[in-house]
Structure formats: C-alpha cells, structure tokens
Amino acid sequence: MDDGTHGQRQRLPMLLGIALDGAGWHAAAWREPGVVADRLFSAGHWVDLARRADAAGFEFLTLEDGLGLQAQPWNAVAGRTDRVAGRLDAALVAARIAPVTSRIGLVPATSVTHTEPFHLSKSIATLDFVSRGRAGWRPQVSPRPAEAAHFGRRTMAAELTDAAVTELLDEAGDAVEVVRRLWDSWEDDAEIRDVATGRFIDRDRLHCVDFEGRFFSVRGPSITPRPPQGQPVVLALAHARVDGRSPSSLVPRSDDSSAAVRFAVRSADVVAITPADAVQLRELLDLVAQESAAAGRTAPLRVVADLVVLLDGPDGEPAAERRARLDAADGSPLVSDAAIMAGSAAELTDRLTQWWGSGVDGFRLRPAVLPDDLDTLARSVLPELARRGLRTDPAPGTLRDHLGLARPENRYRSTVDEGVPA
Amino acid sequence: MTQPRPRKQVHLAAHFPGVNNTTVWSDPASGSQIEFDSFVRFAQDAEAARFDFLFLAEGLRLREQHGRIYDLDVVGRPDTFTVLAALAGVTERIGLTGTINSTFNEPYEVARQFASLDHLSDGRSAWNVVTSWDAFTGENFRRGGYLGQDQRYERARLFLDAVTTLVDSWPEHAVVADQAAGRFLAEADPGRFTISDSQFDIAGHFDVPRSPQGRPVIFQAGDSDAGRDFAAASADAIFTRHGTLEAGQAFTADIRARLTRFGRPRDAVKVLPATTFAIADTDAEAHELAAGIRLQQVSPATAIMLAEQLWNRDLSDLDPEGPLPDVDPIVGESTVAQGRASVRMVTDQLETAQRWRAAAAEHGWNLRRTVAEMGNRQHLIGSPATVADLIERYVDSDACDGFILVPHLVPGGLQAFTETVVPLLQERGVHRTEYEGTTLREHLGLAPLQRPAGRRTA
C-alpha cells in the first residue's frame, strides 16, 4: 500500500499548508504597512486571511494557540510592549472562518495538557460538521509553568527534563486516543429516525469508550454524532534538535527528538517536521520511517516540512533587505525552530522542488508577514509549482480527500449481520 | 399635550430545541439536528425577524433511563461554542447565547472562549451559566463527579466571578498598535490576575484583549431561592418557565425586589420565559393544532418514560392507553433517569401526581393523554392576533420582558411565528423592524457596563 513517504511509487501531488499566527511569524510583522495591526483580534482579520489562503489553493491552514501570553524564551513571562500579545481561541477562529471558506482544511491547535478530552472531541467533531468535512486538529502539549498556573491543578518546572517531556507526550497520546474513540463512539448510521418503533437512534450503534489511563478516564459516548470525515485529520508538530544550534530558547529542550516523532507515529495522520536543511530533511524522513516500522504502523503518515518564508516585499523590496529591516525593527534577528527561507519567490519554488525530491509529502509554510508573504505565495509560488507539474489545487472535498487519506472504518462498527439484534 | 409613553418593547429570542420531547423528530417536516445547514436556517430566520438572540443548550452526557441510552427523543447535538462561532459567520446582528456549565470547565478556558466569541461576533456573545454536579456526568471528565450538590452554586458564583475577572483584566485601550512608534501594547504585562478562593487558586496573565462587549451577557435559569439570588446578583437576563400572567408578575416583582437588595436598578435583569407555540388562522384551529402536537410529542412509549420520570419507578408494565399508576411516586433523587435536568425541577412529586390524577378523573383521560396534557403545554396558542395580544399583555403588565420561542420543528418551525406574529408586533410598535445597535447588550437594552465592577453583595 502506498504510504506516500519517500518511496519510488506513485506520489501524491505536493501538499501545501499555510501556518497562520497573528500578523505573521516575524515578531515585527505587525508593524508592516500592509497589516491593520489593531484588527488582529477581529473576525475581519481572520476571514480575510482565510479567504486568501482558500483562494490560493492551499490544502490546509493551521492556527496557532496557547493558554497564556506569547513569550520568548518559552518558559518566561511576557514583558515587552513592542510585540503582538494575545490570541483568540484557535478552534473558535476555525469555526468562524468555516462558512466563508470552501476547500481549505482548517487545523486549529489546542492544548491537551490542561483541557478536557471530551470537550476537545466534540469541538473538533463540530468543526467538521460546520466545515463539511474540512476539520483537522493539532494537539499540543503545554509545558510552560505560566500556563499551568492559569489552571492551578499542577505545577511545572522551569527547566523541562526529558522525563517531563515524555510524560507530557504520553498524556497527549492518551488525549488523542480518547478523542479518536469518542469520534467513533457513534456509528455512522446510529441515527435511524425509526417512526415505527419510535426510536430516534439505535442505541446499539452507540458505544461507551471506557478509556482508563494514567491521567484520566472517560466513559462516553460522545454527545456529538460521528463527524463527516469519520476521523478529522490529526497533525502533530515534531520539533527536531538542530545540531550545532539548539532551538531550545523557543521550544522545550529535548535530547530525544524522536519522542515527538513517536507521538506523531502513535497519534497523528500528518507530522510536521522542522529540518534545518536538505540533509537533515532526509535524516528526519528516515527517522519517521524507522519509528513507523518500530511501532508497526501501516496507515499512511503524511510528512510535511515546516519552513518560515520571508519573500520579496509587495513593492519589490529584496528579501534580504526586508529581513534586515524587520530584524532591526524588532531589535533581534528572526530565529525559528524551522528553517528560514528568505529569498525570492523563484528561489523558494526551487527550494521546495529540491526538498520535494527527497520524498517529503509537502510543506507547511509560515509566512513572515501576513498577508504580504501569503499573497506572494499565492501569486508567484503556487502557480509555478503547478506549472512544473508538482501539484494542483485541491478539488472540492474533505481534508482527508486533499491528503489522500481514506475515510476510516469505525472501530466499534457492529459485526452483527443486518437485521439481527445485537 | 404630553407625549404618549413609548410602548414597552417586547424582547424576542429563539431556542434551537434539541434533546427532549419538545422536538417532534418524526414529523416529515423535521430536519437535521446536527447538520450545520439546520442551524444556519434557524439563525437566519430569527435574524430576519430581528430577534435579540438565539440560544443553544449544552450536552455533557447522553441521557439514560434504566441504565440504557434514552432513544425516544432527539439524541446528539453539536458543541455549543463551535456552532455559535460558526453562526457568527452567517449572521450580522443577532445575539449568540450558549449554555456552558461551570462544573466541568476551568475559568481560564471558558473566559478565552467567550472573549474570543465576542471578538469573532463583534460583540454578540452571551452565557447561560448552569451548574452540574452528578457523578454520572462526571464520568466523561478528568475532573470527575467531584462536587457536592450543595457546593454547586458556590462554584458557579466563584466561576462566574473568575471569568469576569479574567475578561476584565485587559484595560479598554491596552492594544495601541502604534506601528510607527513600535508600541503594540500601552503597557507591559497585560491581563495580570490573581484569583484565590475555595474553588480556584490561579494567577498569571489572561491572553485575550478586551472584547467589544467587555463581557458576555450573562443569563441564568433558576427558580430556587439560590438561583434567583444568583440572577439578581450577577445576571443580565433570567430564563424562566412560562406560567400564568399572575405567576409571571409575582416572579418578575420578586426579581426586581432582589435587584434592589443587591443595589442594582430594577430593570437590570430581563425576565424571559421560554415558551412553545401553536399558531393557526383561527384560535380554534390553533388549539386543535396544539393538541395534535402534544400527542406527537407524547407517543405511548414516551408517555411511559415521562410517567416513570415523575413516579421515579419502573412503570414498563403499564398500558399507556390505560389508567395512571395507583401507587405514589417514590420521592427523592431519581433512580430511573440519568442526566436529565428536568427531573430535578419537579420539587413536589406527590402534589404533581395528585394533580395529574385529578385531571385524569375530571376529563376521563388515559395515561398517555394525561401526560400529554399535564406535561409541557404550549402557552402561546391562537391566531396570530391572539398570540400578539397575549404577548403584549404579558409584557405590558410586567409579567415578563419578552419570550424565548421554542419551535417543535427544526429548522423551519420558527417561521410559523416569525411570518405571522412578528409583523403584528412590529406594526404595533413593540418590536423592532431594524436593529439599532450592533451588540447584544444594546438589543436587550442593558445599561453599559460600569468598569471596574465590583462584586455585588446583598
């Protein structure tokens, strides 16, 4: 069976996602003329970005979130006034933009550390209903002590140990397992509206999930029927430790970068990796393949590489100058857990084509400034990739359709013959 | 010559009915309870009629009876916050009210969600604060059924206080967004808070700037003494069950008196009963229609189930077309039905059963008919003019400030009201033809928020 990773068999077209956060991924993005900085918390801002991304033909967009103020470094508390502070709840932004988009997948991030899996399950299932099958979900761990203090139920150390990371990822794995079981807890045809017997549902097609784990237990069934996709798409971000330059100031330090990959192999449909260069890309693809084999995973796991993209400005300002200007405005150079591609649209297109050759399934692009870099991608990059025959715009359909993922069977599906009561 | 007193305006809202027998799912005109299109249609009908808000309830666990999932009524509903956020995208002015419980949630998360919904709807969010406490529901949550029943109002009060503190934590103009000067925030450390009480020990920074309304409009539904005090202290509107004009006047007067005790203006809380309706060309036809709907809502099987909920016993041997049970209800916590708030609202089971018996005897009704007639009845029954008269009379005599309409069919059931009664109310000058304000606070005629608002004590 074609698993879509770097084999020589028939490949899917290149997948492209766009990562949305605030005014963009450069800390000084909010100061750019094209940004209406005081509208970052309005529906209008998000509707505008979503429409542009939808029209451009991205397979999906992701929405960042957290349970506290943005902070650099990750375990500090915010103190600056010159950077964007604050966010809207990503799952609700996704729901708000669902009716005004038609093809693009909607993948909000949510914490799984301080939240109720039962609420997450029905929230993403409902996103799938309001978007007609375009919902995804990025389960995210919350390692920050400041965020734990907002809930008052557990404390987290300022210095994150590997054991703590492992525990957070184990908890995340359990949360995703519960959410997936709850998505399946209604069989597709549970609603019968049988007037003759007066039954709205066939209760034998509803199932308790009876999850008992280290961190929580959940009985079920869900209160929400099985979503249109059956299982909305789960995307996991697996940070890599970059040899020679640890991104530890930005993300929890872990000497075991495979822990996050193992979480993705256990729990996700898509994994976003953060290679520093083409060499590390191949290493990470190998790591994903190894961990998949070790876990006995046979279902496809799509792999996309994250890239921060900082392109030539809307008025032709060369990317290098633009980057320097933005860095100067912020007072610090742009750093990221992902590789930073600063260059022209043509250079980015070539880079994507080159990395595509390594066998990655696609990319999740993080625009330095929104909407400027998104517009450049839409105008000059996606059409060129199509012209080169590497991808086409997604056809109408679900997010699983866009990603070439089959709609899964319900794990609880009755094995009883039709007409014979269980 | 003095100006005539402006007519007291009628506040109207619409409740999307779901998982109880109000909804007649078996009718061919009944649509989906889960597809988004149903909610869009419902919301747009309500907005076209210039309703103040639409209202969604909440689900935390599927209802059971005798330990098995209850399958006679609608089962299944979408997530409340998610649907409201999506409906913000297909409406422009109508308020978006959701029931969110204060037990199986944390204030930081709920505060983010309401602040976000308020931003995403340009100031149309509202929160019906409810409590839950039973271990049955708790089995779906990592926090479990950990709350004693007597603590639920305290937690609700402290939960609401915490959310209020959080959504108030960003000053009005904290986001400066001065691009030239490089100042996004007026001051560093926005959203600082510390909350320490019997329920919560949390501190840090709230991460959502102040939203257009500042706070969600607060609804409360509760007939008990504690519930009424909660509403008078903290709410902007109170749901209530519909009753006679006199009962409504007494209830409203009681709320107004409590408001005065809490130092709030007498009109600070809008009283809004929920009511079903049956409208036809003539009053007689409407009463026939209503009776027919009641029988649709109470099938023979449903009659047994509802009787069991009141009697708190297994009545599966009874014939729905036969007489009422000759035994008394078992008084106390329900052992029959799980996850059903309505069961807890019948405070005197023996008295209710007596009334049912008396009515059955007087009219010669069998069990099914008794349940249909004595259970939830429509209150707005008649021709459009009759219903409009009734609404006006209730509002003019201070029995309430308006009504929350609950259709028995979705998504189109609201139209029977919006297309016939609403135009009459508009003609009479007691209901708007256009929205004037943009926020739900404005639609409800609530006074602007005073900031900072301290905790109110009686």
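Just so it is clear: chains get the letters A, B, ... in the order the sequence lines come, proteins before strands, and each one is counted from 1.
Residue B:A301 does not touch chain A at all, counting heavy-atom pairs closer than 4.5 Å. Of the atoms belonging to A:P99, it is side-chain heavy atoms, and not backbone ones, that fall under 4.5 Å from chain B. Residue A:V93 touches chain B through both its backbone and its side chain, counting heavy-atom pairs closer than 4.5 Å. Neither the backbone nor the side chain of A:P228 comes within less than 4.5 Å of any heavy atom of chain B. Contacts between A:D128 and chain B at a heavy-atom distance below 4.5 Å are absent for every atom of the residue. For B:N140, the parts sitting under 4.5 Å from any heavy atom of chain A are the backbone and the side chain alike. Heavy-atom distances place both the backbone and the side chain of B:V74 under 4.5 Å from chain A. Of the two parts of A:V35, the backbone and the side chain both hold a non-hydrogen atom closer than 4.5 Å to a non-hydrogen atom of chain B. For B:F81, the parts sitting under 4.5 Å from any heavy atom of chain A are the backbone and the side chain alike. Proximity to chain A is absent for every atom of B:S299, based on heavy atoms less than 4.5 angstrom apart. Contacts of B:S30 with chain A are made by both backbone and side-chain atoms, with heavy-atom separations under 4.5 Å. Heavy-atom distances place no part of B:A174 under 4.5 Å from chain A, backbone and side chain included. For a residue to count as touching a neighbouring chain, one of its non-hydrogen atoms must lie under 4.5 Å from one of that chain's; by this rule B:E187 touches chain A with the backbone only. Residue A:A98: no heavy atom, backbone or side chain, is found under 4.5 Å from chain B. Contact of B:L166 with chain A is not made at all, since no heavy-atom distance falls under 4.5 Å. Heavy atoms closer than 4.5 Å to chain B are found in both the backbone and the side chain of A:L67. In this structure, chain B has a heavy atom under 4.5 Å from the side chain of A:L40, while its backbone stays farther away. With a 4.5 Å cut-off on non-hydrogen atoms, A:S123 touches chain B through its backbone and its side chain both.
Judged purely by atom type and a 3.5 angstrom limit, A:Q70 uses its side chain to pair as donor or acceptor with the backbone of A:G86.
In terms of heavy-atom pairs under 4.5 angstrom with chain B, the leader among A:A125, A:S42, A:G66 is A:G66. Heavy-atom pairs under 4.5 Å with chain B peak, among A:I192, A:D65, A:D202, at A:D65. No other option in A:V218, A:D38, A:D82, A:V130 has as many heavy-atom pairs under 4.5 Å with chain B as A:V130.
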- Query: Should A:H150 and B:F193 be marked as a ring pair (Phe, Tyr, Trp, His ring centres under 6.0 Å) after you check the CA-CA gap, both sets of side-chain angles, and the distance that decides it?
  - Reply: CA-CA 9 Å; A:H150 294 158; B:F193 72 93; 5.6 Å; yes
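A 4.5 Å side-chain heavy-atom check between A:S111 and A:E147 finds every atom pair outside the cut-off. Within the 4.5 Å cutoff, the side chain of B:D71 has no heavy atoms near those of the A:F200 side chain.
Between B:F206 and B:Y108, the ring planes lie perpendicular to each other; the angle is over 60°, past the 30° to 60° tilted range.
With no hydrogens or angles considered, no side-chain donor-acceptor pair links B:H408 and B:D27 at under 3.5 Å.
Atom CZ of residue A:F216 and atom CD of residue A:E116 lie 9.0 Å apart, to the nearest 0.5 angstrom. Once rounded to the nearest 0.5 Å, the distance linking CG of B:L117 with CG of B:L84 reads 6.0 Å. With values rounded to the nearest 0.5 angstrom, B:T302 atom OG1 is found 11.5 Å from B:Q296 atom CD.
Shown here for B:V167 and B:R210, the closest heavy-atom pair between the two residues is O-NH1, 3.7 Å.
Taking a cutoff of 4.0 Å between a charged side-chain nitrogen and a carboxylate oxygen, A:D184 and A:R226 qualify as a salt bridge.
Under a cutoff of 6.0 Å and an axis angle of 45°, B:R61 and B:F136 form a cation-pi pair.
Residue-level contacts of residues 35-44 of chain B with chain A, in order of numbering, are B:E35, B:F36, B:D37; threshold 4.5 Å between heavy atoms.
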